[in-house]
Amino acid sequence: MHGEAAGGGGMTTKLFGEPVRRREDPRLLTGQGRYLDDLGTHALEAAFVRSPHAHARIRDVDVSAALDVDGLVAIYTWEDLPALLAQPLPLLIPHPALTHGRTAYPLARDLVRHVGEPVVMVVARDRYLAEDACALIRVDYEVLKPVVGVEEAARSARLVHDDVPGNVGAHLVQEVPSAAGLGAREAIEAAPHTLSFRLDIERSASMPLEGRGVYARWDADDQSLRVYTSTQTSTSVRMAVAARLGLPLPKVEVIAPDVGGGFGVKIVHPWPEELLVPWAAIALGREVKWTEDRREHFVSSAHERAQVHSVRVGFDDDGRVLGLDVTILHDHGAYTPYGIIVPIITSTQLPGPYRIGAYRVEFSSIYTNTVQVTPYRGAGRPQAVFCMERTMDHIAAHLGADRTAVRAVNFIQPDEFPYDQGLIFQDGRPLIYDSGDYPESLRMLKELIGWDSFPELKARAAAEGRRIGIGIGCYVEGTGVGPYEGGHVQITSDGRVHVSTGLTSQGQGHETVFAQIAATELGVPLERVSVVTGDTRRFGYAVGTFASRAAVMSGNAIALACRKVREKALRIAADALEADPGDLEIADGEVRVVGSPGAAIPLATVAVLSNPLRYAFDAEAARATQFAGASSFDRPPVAEGEEPGLEGRDYYSPLRSTFASGMHAAIVETDPLTAEIRILRYAVVHDCGNLINPMIVEGQIHGGVAQGVGGALYERMVYDEHGQLLNASFMDFLMPYATEVPFIETAHLQTPSPLNPLGIKGAGEAGVIPVSAVIASAVEDAEGIEIDRMPISPSELFDLRRSAG
Amino acid sequence: MTDIAITLTVNGVVRQVEVPGRRLLSDCLRHDLGLTGTHVGCEHGVCGCCTVLLDGEPVRSCLTFAVTVDGHDITTVEGLAAPDGAMSPVQRAFAECHGLQCGFCTPGFLCTVTALLRDNPSPTGEEVLEGISGNLCRCTGYQNIVKSVHRAAEIMAEET
């Protein structure tokens with residue numbers, strides 16, 4: 001543990017670092033969870049008529065046949081929306097390079113630009129009836145030819161947005177010269193060896209098992225609105241709702257209840273439904289709810305991953321990279337609500353754990369008539385790692401060198417931290433790695449997977465007619481991006497500790513890890529700590545849960561808030577115990593004089609003493625009234641500069657991101673006849689700094705790898721030339737079941753971050769990031785065929801074999 | 001649409017409800033009977049979140065019309081714990097082994113595994129994989145879920 005994290009003073013309640021069982025689980029295991037659709041039993045329900053065309057002009061909407069539906073309450077089109085709401089949705093991250101940012105209207109106005117775009121909202125007594133009405137609404141479309149496929153879009157024969165030339169929403173170049181001042185292209189030309197190749201990754205999607213959902217209650221007497229939404233960012237939804245519905249911010253509350261997974265897709269806000277449902281609730285004076293169905297999720301939320309990369313690399317005889325030039329075409333879909341975060345991350349995280357001689361990266365973000373693209377777990381990093389690691393494998397193949405040796409010769413060394421990559425990261429701040437130990441990580445991984453003895457294994461398998469291959473992938477992941485998160489901690493007179501943060505949870509175990517941090521900092525038993533996340537009634541300032549930032553940001557903010565409370569508690573207890581605060585410790589919920597058994601005061605009592613009362617409402621309160629004990633007549637009951645109560649609030653705002661890292665390796669077997677790809681072993685070495693709860697971190701890694709296996713072997717969004725998504729169901733979009741995910745062997749390396757008091761880095765996305773690179777590397781090793789496109793299915797491998805002859 | 005009166009025994013309690021013929025069992029349980037523990041992830045029978053026990057056998061409640069199970073016995077996740085609220089061995093094992101994250105797929109897994117272990121109290125690794133291969137989890141992968149199933153089998157063996 002980082003020195004500061006111990007909080008000074010010997011504690012008996014050390015929970016930081018322990019595999020504490022999750023406090024969320026009892027309610028989730030007994031059916032007592034409260035997800036969005038579990039709320040609002042009596043609410044009216046909304047459904048949407050969505051565009052069946054990828055690109056079309058709306059000529060007319062005829063609702064007359066729907067009006068007779070029993071239980072119908074309201075039908076709305078764009079023309080019904082008030083002025084504020086009738087505008088395009090906000091463009092959340094307006095990066096200067098996004099010269100042609102475009103967002104959709106909450107309900108389509110004139111034009112639809114992808115299948116699934118909402119055109120009409122229907123509200124009815126229940127969802128069945130709302131869908132009945134939707135089915136009777138006739139929309140007359142003039143069908144336009146769509147733009148599908150990023151390369152076709154880049155050729156710009158047709159435009160997605162008439163006013164966006166070339167379909168180019170954004171274009172950005174970053175270049176870091178070599179130490180000798182050479183540009184990447186010059187460095188490559190001057191290098192002893194050069195290689196050029198193209199690498200493709202297909203579209204996938206977050207696909208949380210709970211889709212999106214919104215439930216709104218308007219209190220007409222109080223003129224206030226409460227919105228429940230399955231979101232990764234309730235505070236920002238609140239601000240968006242207030243802004244677009246014209247309500248005063250204090251009159252809007254937004255609550256993220258139990259959220260059934262997010263993986264990025266629930267960071268987008270406001271979703272049109274997050275504005276339309278509350279607006280309808282106000283307009284109708286009734287509770288209104290919308291629960292997304294699975295098909296809606298496929299065609300009207302967001303996807304990610306689709307990119308095409310052109311790589312040119314120059315290197316020396318040892319495999320040392322002297323210059324790297326990468327050009328990226330990013331398929332952004334129809335709109336850019338979340339800016340260009342994904343290609344920015346790909347382009348800046350691409351160098352990974354390596355010291356690249358000179359680096360030039362250029363991307364264009366291209367509009368197509370498909371579902372919009374916003375971050376999905378890993379957010380641009382799987383593509384980046386696929387590029388860099390395939391490059392390392394290409395270099396090794398060219399030189400006939402061991403793939404790990406080529407990596408090792410390029411690693412940033414442990415004594416080179418902080419290491420400045422010379423790039424500007426997604427948060428607009430310099431990309432400077434805080435800490436890490438890549439050679440040690442590689443050593444651990446090689447040992448874990450048995451890298452050095454693999455050739456014998458492969459030879460033995462070959463003798464049996466089996467094809468096996470081993471692959472590796474290394475990554476560095478910017479985690480814990482700012483700008484900030486906050487924490488509030490209150491100890492009440494019953495000795496309970498109430499922690500809140502505005503950041504949300506989608507199942508990552510925040511209630512548990514934040515309670516561990518608070519219990520450790522305050523020296524109280526875990527059972528006395530309760531944690532509330534994502535409820536703007538409890539904490540109004542927050543950014544959200546994404547980019548592996550929750551533990552780093554809210555964890556540190558909560559620790560800092562606890563330290564404030566602890567300092568105050570020691571001060572009040574010192575007064576009561578007539579001791580020096582420096583002689584006190586807090587343990588088991590008591591403030592004690594170190595070395596004087598018996599001289600102690602419960603934190604509950606300290607909380608009572610912190611709040612001078614006029615009224616006695618129970619026995620504890622009676623002890624705190626102004627008549628209860630001696631008081632000084634020469635100062636007010638609450639001294640100047642003091643506040644009543646034993647509570648504290650603090651914020652953590654980092655100088656820059658932390659950088660977690662890791663390496664994965666896999667052994668795969670490919671069937672000589674069927675080309676089926678089976679993962680025999682999967683090993684992970686992971687470094688996220690100090691571990692708060694190793695059990696939870698492992699769970700994050702397992703889950704990430706499972707999603708990565710999906711991305712490597714199964715998951716893709718298949719669009720036809722008309723912009724129709726051909727596999728918009730779980731029958732056709734394949735996600736791995738237990739039978740497809742290998743046992744994952746893990747080892748932890750801990751290089752604490754020097755940037756934050758707890759020495760932690762984020763762990764949420766690590767598992768997914770290198771999997772496509774690792775599997776590609778392993779399949780290539782098994783088959784001796786270049787793998788430059790992921791995911792790879794058996795039929796694709798079969799075709800590759802045939803074309804390889 | 002004419003509603004049809006049906007009688008279900010849900011978690012040991014006889015419940016009467018009037019539903020349209022097209023009402024899904026999942027919606028009937030969740031919204032008519034207030035048992036929201038059963039979750040709906042895809043409404044086409046693939047994800048397994050809505051799995052409940054119909055006369056003891058796991059079924060997809062999102063592919064079942066409520067009227068078709070008139071007179072039958074249904075157990076949902078709310079009915080897995082003992083009457084005093086003590087969690088079942090399967091539920092305890094999932095907590096012990098970190099067999100869940102967001103918890104949305106969990107009720108389906110718990111119902112599936114409860115039936116699996118009733119029929120096969122000491123399944124092999126292969127049998128466990130096969131047994132849970134109709135349920136998707138998107139958060140925590142399957143490693144700890146598999147571990148939970150084995151652990152549940154152990155707990156059940158210890159307690160009988």
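Here is the naming used below: chain letters follow the sequence lines, and residue numbers restart at 1 for every chain.
Taking the side chain as every heavy atom from C-beta outward, Arg294(A) and Val46(B) never approach each other to under 4.5 Å. No side-chain heavy atom of Phe94(B) sits less than 4.5 Å from a side-chain heavy atom of Asp25(A). Between Asn135(B) and Tyr737(A) there is no side-chain heavy-atom pair separated by less than 4.5 Å. Side-chain contact between Asp37(A) and Arg30(B) is present, with at least one heavy-atom pair separated by less than 4.5 Å.
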| request: Determine, stepwise, if the pair Thr746(A) / Gln143(B) fulfils side chain to side chain contact (heavy atoms under 4.5 Å, CB included). | output: CA-CA 12 Å; Thr746(A) 46; Gln143(B) 194 155 325; over 6 Å; no

| request: Report the C-alpha distance between Met87(B) and Leu29(A) in whole Å, list the side-chain angles of each, state the deciding distance to 0.1 Å, and finish with yes or no for side chain to side chain contact (heavy atoms under 4.5 Å, CB included). | output: CA-CA 8 Å; Met87(B) 286 201 286; Leu29(A) 286 164; 4.0 Å; yes

| field | Check against side chain to side chain contact (heavy atoms under 4.5 Å, CB included), Ile696(A) and His98(B) | value | CA-CA 8 Å; Ile696(A) 285 177; His98(B) 189 29; 4.3 Å; yes

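Within 6.0 Å of CZ in Arg118(B) there are more than 12 heavy atoms belonging to other residues, nucleotides or ligands.
Aromatic ring centres of Phe104(B) and Tyr35(A) lie closer together than 6.0 Å.
At a 4.5 Å heavy-atom cutoff, the contact between Ser206(A) and chain B is made by backbone atoms alone. For chain B, the nearby part of Gln32(A) is the side chain; its heavy atoms alone come within less than 4.5 Å. Interface residue Cys42(B): backbone and side-chain heavy atoms are both found under 4.5 Å from chain A. Heavy-atom distances place both the backbone and the side chain of Ser729(A) under 4.5 Å from chain B. With a 4.5 angstrom heavy-atom cutoff, Leu129(A) touches chain B via backbone and side-chain atoms both. Contact annotation for Gln91(B): both backbone and side-chain heavy atoms come within less than 4.5 Å of a heavy atom of chain A. Neither the backbone nor the side chain of Glu24(A) comes within less than 4.5 Å of any heavy atom of chain B. Proximity to chain A is absent for every atom of Leu80(B), based on heavy atoms less than 4.5 angstrom apart. In this structure, chain A has a heavy atom under 4.5 Å from the side chain of His39(B), while its backbone stays farther away. Heavy-atom distances place the side chain of Val741(A), and not its backbone, under 4.5 Å from chain B. Proximity to chain B is limited to the side chain of Arg34(A), based on heavy atoms less than 4.5 angstrom apart. Heavy-atom distances place no part of Arg127(A) under 4.5 Å from chain B, backbone and side chain included. At a 4.5 Å heavy-atom cutoff, the contact between Ala706(A) and chain B is made by side-chain atoms alone. For a residue to count as touching a neighbouring chain, one of its non-hydrogen atoms must lie under 4.5 Å from one of that chain's; by this rule Cys137(B) touches chain A with the backbone only.
Gln101(B) and Leu28(A) get closest at one heavy-atom pair: O-CD1, 3.7 Å. Listed here is the closest heavy atom pair of Cys105(B) and Leu209(A): CB-CD1, 3.6 Å.
The most heavy-atom pairs under 4.5 Å with chain B, out of Pro736(A), Pro742(A), Gly211(A), Pro26(A), come from Pro736(A). The candidate from Leu100(B), Leu129(B), Leu35(B), Leu110(B) with the greatest count of non-hydrogen atom pairs under 4.5 Å with chain A is Leu100(B). Residue with the most contacts toward chain A among Gly79(B), Cys49(B), Gly48(B), Gly103(B): Gly103(B) (heavy-atom pairs, distance under 4.5 Å). When each of His297(A), Gln508(A), Glu698(A), Met207(A) is scored by its heavy-atom pairs under 4.5 Å with chain B, the top score falls to Met207(A). When the candidates Asp27(B), Thr76(B), Thr38(B) are compared by the number of heavy-atom contacts under 4.5 Å with chain A, Asp27(B) comes out ahead. When the candidates Glu126(B), Glu130(B), Glu96(B), Glu43(B) are compared by the number of heavy-atom contacts under 4.5 Å with chain A, Glu96(B) comes out ahead. Annotation: maximal heavy-atom pairing with chain B below 4.5 Å, among Gly767(A), Gly699(A), Ser505(A), Gly260(A), occurs at Gly699(A). Contacts with chain A were tallied for Asn144(B), Val146(B), Thr106(B), Ile145(B); Asn144(B) has the most, counting heavy-atom pairs under 4.5 Å. Contact count versus chain A (heavy atoms, under 4.5 Å) is highest, among Ala95(B), Cys47(B), Cys102(B), Gly134(B), for Cys102(B). Heavy-atom pairs under 4.5 Å with chain B were tallied for Gly509(A), Gly507(A), Gly31(A); the largest tally goes to Gly507(A).
Note on Asp132(A) versus Arg22(B): salt bridge recorded, some NZ/NE/NH1/NH2 to OD/OE distance being below 4.0 Å. In summary, Glu715(A) and Arg138(B) engage in a salt bridge, as defined by a charged side-chain N under 4.0 Å from a carboxylate O.
Distance alone, capped at 3.5 Å, places no donor-acceptor pair between the His702(A) side chain and the Tyr142(B) backbone.
For the atom pair CG of Asp38(A) and NE2 of His31(B), the computed distance is 8.0 Å after rounding to the nearest 0.5 Å. Atoms SG and CD, on Cys139(B) and Gln707(A) in that order, are 7.5 Å from each other to the nearest 0.5 Å.
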